[in-house]
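Some notes on the structure that comes next.
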Protein chains: 2
Amino acid sequence: MIERRKKPTIKDVAREAGVSIATVSNVLKGKTTEVSEPTVEKILKKVSELGYVKNMTASALASRESRVVAVVVIGAFDPGMPLEHQDLNPFFGDFLFRLEYEARRRGYTLMLYAGREEKYLNFLLERSADAAVLVGINPQDMPSVVARSDLRLILFDSMLDDRNQMNVRTNEIRGGEIAAEYLISTGCKKLGFVGHVSMGGKSVPYLRYSGAKKICDESGISIKEFNRVTAFQQGMEVAAEILENGIDGVVTAADTIAAGLVDGLRDQGIDVPGQVSVIGYDNLPLARLVKPSLTTIDQGLTDKVGAVMDLVENGSPGDLREIEPRLVIRESTR
Amino acid sequence: MIERRKKPTIKDVAREAGVSIATVSNVLKGKTTEVSEPTVEKILKKVSELGYVKNMTASALASRESRVVAVVVIGAFDPGMPLEHQDLNPFFGDFLFRLEYEARRRGYTLMLYAGREEKYLNFLLERSADAAVLVGINPQDMPSVVARSDLRLILFDSMLDDRNQMNVRTNEIRGGEIAAEYLISTGCKKLGFVGHVSMGGKSVPYLRYSGAKKICDESGISIKEFNRVTAFQQGMEVAAEILENGIDGVVTAADTIAAGLVDGLRDQGIDVPGQVSVIGYDNLPLARLVKPSLTTIDQGLTDKVGAVMDLVENGSPGDLREIEPRLVIRESTR
DNA sequence: CTGAAAGCGCTTACAG
DNA sequence: CTGAAAGCGCTTACAG
């Protein structure tokens, strides 16, 4: 590399300003009440003259505060699959960029981990983040070592209540209820639910399903579940089964599935919403964009991301922030 | 927080193993040739007994190697817009997750910056990353301070040649050529190009356009440009203009635009590809998923991400890795 | 109000 | 083959 001037350190600033590095350090972190006005001015002047920027690595080591938030997303991306067959749920990108914005606004930087389960432990332990956000984590994916470390752990959309962790999620049962209520109110007589329900009570899709089922039971309407992973393709493939079962209203666990289902139904010559109503989940940007645009459940992502950062900054073990979902009516329902 | 055992340090390992911390450090970084077999065994045993994990912050400070790669993505996300109107190009998510996988495979962690231009300078300077990947950066977005710092800079899909930086990109001109050649070979008589061409020769869309134009000129076929930002909505809105101009083959600068255009054309009762052929760019997962599925230009993302990490590890200033694009034929062309 | 000094947990010549 | 010591660039009581 080309010869370059070394980056100035706090020592350089101190020397130039004729003060000690302790004083510079105090000024830099805004403890200006403890330092006289002229000294502050002198230091700030030198800081900008020299183009000094604090070395966060050194700061983190000394203060034990890194202002880094680790984000762990498991299973969003399957390295075993060729890229062209990856079907990354756009939710993860939306979530990440939105969280990054909120984090930076508050002076934090995001570190990303998106590998497979077994290995995120080391990542969390060796990178001294102030907090870690675990997205969609299952109990079996959470090594007890992590649960016991002194890292602030924030579980996002996870079904793992533990008084040592913090949780942010949407009221998923209510989301399922809202979806079913709306379909029934628009005249649907036989409902279906498409999502990854096989994992039972601890999974998000299952909770959405159980909310929908509760409403159906109360209304004397039948609901049939179709166990499918969150992916466009899976939604598409389930279309035939929906028809065979004479279903006229479908609650899905994700907009991606719903978009696939709508396409699948259209391929079979079925009119949506004329013959079958479909309701998505998440209110992703794509929900507006597909044809017909999707009626969906907004999971309140903006609020959730804010809640995550609130907990990063001021949360206590056991804290739970549950956001209420909201129905967004578009064209895929009657 | 609950009372917890402190994390063991290299000192604890050294004490337990009865050696100096220097020896432990050597063993941990695989310099086992310099240490006797029994000592290595003894140390490794204690490491796993104590559950010792290296503190990368301290390691980075001492060695000046953080094994962190900073990723800077400008303008993918607009914080000023409400989330439900965000139209984040899924490309960014795909790119990020794919790069994360490749980085982790090689022992690196990703840090993300996705804010606005002016502020990424501090981020880059205060977080001592080993290298920074700047995605789709324009000359005016690159402060000279960054260009001059001793950070390894890798420009991705950027049009900023400088012998101090490294570059990874697709041969964009060739991509445009391939697209136009194919449309013409299938019988299209009048072409259109939709993309953000207004920035001229230094922008990626413009290069794609100029490749297409070159082929058209050689074949005596006309091509009209439609200046649109990369977004589904924009593709949709341009449909009417395409028809007014009697165009029967469209090259686009992105799959998202192409998907919007196809929907827009269908809304107007036009058959794709029967009446108008449309060709995308990027070969995103969504290109397979929309109806009709998109013929598109694969930009070789897997190769590009590999090239990025090659440069992070072994690149020299001025290095350029240019990946050749590839035509992927699906249903949106004749 | 300001500074000297110890310390954060590592790495790196260098001496033996 | 192994260890003592200095140092990375900060922060933090504490003394004056």
Side-chain angles (χ1 to χ4, degrees), chain A residues 5-44 46-47 50-68 122 125-130 149-150, chain B residues 5-44 46-47 50-68 122 125-130 149-150:
Chain A
R5 213 176 46 223
K6 272 196 60 180
K7 265 170 57 176
T9 71
I10 196 173
K11 267 189 196 163
D12 300 318
V13 176
R15 184 173 14 77
E16 294 277 315
V19 298
S20 77
I21 62 169
T23 302
V24 176
S25 179
N26 280 330
V27 169
L28 287 176
K29 59 180 38 167
K31 290 193 174 181
T32 67
T33 53
E34 307 193 356
V35 182
S36 73
E37 190 52 36
T39 308
V40 172
E41 301 253 303
K42 202 166 48 181
I43 291 173
L44 259 25
K46 288 301 174 189
V47 164
L50 295 172
Y52 169 78
V53 176
K54 188 194 285 190
N55 179 331
M56 287 304 287
T57 302
S59 173
L61 181 60
S63 71
R64 285 132 191 300
E65 219 210 16
S66 62
R67 303 208 69 87
V68 165
N122 258 292
L125 261 24
E126 73 186 10
R127 302 284 176 182
S128 355
D130 291 343
S149 94
D150 60 353
Chain B
R5 216 177 41 224
K6 274 195 60 180
K7 265 170 59 175
T9 71
I10 196 172
K11 266 189 197 164
D12 300 318
V13 176
R15 185 174 14 78
E16 293 277 314
V19 299
S20 76
I21 62 168
T23 303
V24 176
S25 179
N26 280 329
V27 169
L28 288 176
K29 58 179 39 167
K31 291 193 172 181
T32 67
T33 52
E34 308 193 356
V35 183
S36 73
E37 189 54 35
T39 308
V40 173
E41 301 253 302
K42 202 166 48 182
I43 290 172
L44 259 26
K46 287 302 174 188
V47 164
L50 296 172
Y52 169 77
V53 177
K54 188 194 286 190
N55 180 331
M56 287 302 288
T57 302
S59 173
L61 181 59
S63 71
R64 286 135 188 300
E65 219 211 16
S66 62
R67 302 208 70 86
V68 165
N122 257 294
L125 260 25
E126 74 185 10
R127 303 283 176 182
S128 357
D130 291 344
S149 96
D150 61 353

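Heavy-atom basis, side chains included; hydrogens, waters and symmetry copies ignored. Chain A is the first sequence line, chain B the second, and so forth, proteins listed ahead of strands; every chain is numbered from 1. A quick note: this is a predicted structure, and the numbers were derived from the prediction, not measured.
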So, for [X] and [Y], which heavy atoms are closest and what is the spacing to 0.1 Å?
X: A:Ala14; Y: A:Ser20; result: CB-C, 3.8 Å
X: B:Asp12; Y: B:Lys7; result: OD2-O, 4.3 Å
X: A:Ile10; Y: A:Tyr52; result: N-CE1, 3.4 Å
X: B:Lys11; Y: B:Ile21; result: CA-CG2, 3.8 Å

- Query: Taking side chain as C-beta onward, heavy atoms only, is A:Lys46 less than 4.5 Å from A:Val24?
  - Reply: no
Cut-off 3.5 Å, no hydrogens considered: what does the side-chain donor-acceptor table look like for residues 55-64 of chain A, sequence neighbours left out?
unit_1	atom_1	unit_2	atom_2	d
A:Asn55	OD1	A:Thr57	N	2.8
A:Asn55	OD1	A:Ala58	N	3.1
A:Thr57	OG1	B:Ser128	OG	2.9
A:Ser63	OG	A:Ser59	O	2.8
A:Ser63	OG	A:Glu65	N	3.2
A:Ser63	OG	A:Glu65	O	3.4

- Message: Quick check on contacts: within residues 54-68 of chain A, what sits under 4.0 Å from DNA chain C by heavy-atom distance?
- Response: A:Leu61, A:Ala62, A:Arg64
- Query: Do the side-chain N or O atoms of B:Ser25 get closer than 4.0 angstrom to the phosphate oxygens (OP1, OP2) of C:dC10?
  - Reply: no
- State whether A:Lys29 places a side-chain N or O below 4.0 Å from either non-bridging phosphate oxygen (OP1 or OP2) of D:dT12. yes
Can you measure [X] atom [atom1] to [N] atom [atom2] for me and round it to whole angstrom units?
X: B:Glu126; N: D:dC10; atom1: CD; atom2: C1'; answer: 13 Å
X: A:Asn26; N: D:dC14; atom1: CG; atom2: P; answer: 15 Å
X: B:Lys7; N: C:dG9; atom1: NZ; atom2: C1'; answer: 10 Å
X: A:Ile21; N: D:dC8; atom1: CD1; atom2: P; answer: 11 Å

- Task: With pairs defined as Watson-Crick or G-U wobble and both distances under 3.5 angstrom, please note down DNA chain C as a dot-bracket string, | for pairing with another strand.
- Result: |||.||||||||.|||
- Just jot down the side chain to side chain contact (heavy atoms under 4.5 Å, CB included) partners of B:Val53, sequence neighbours excluded, or say none. A:Asn122, A:Leu125, A:Glu126
- Message: Short of 4.0 Å, heavy atom to strand atom, which residues of residues 10-18 of chain A count as contacting DNA chain D?
- Response: A:Ile10
- Listed partners of A:Asp130 passing salt bridge (charged side-chain N to carboxylate O under 4.0 Å, His left out), at least two apart: none
- Note on the structure: Looking only at D:dT2, C:dT2, D:dT12, the nucleotide nearest the B:Thr23 side chain is D:dT2
- Side-chain contact check for A:Tyr52: nearest option of D:dT12, C:dA13, D:dC10 is D:dC10
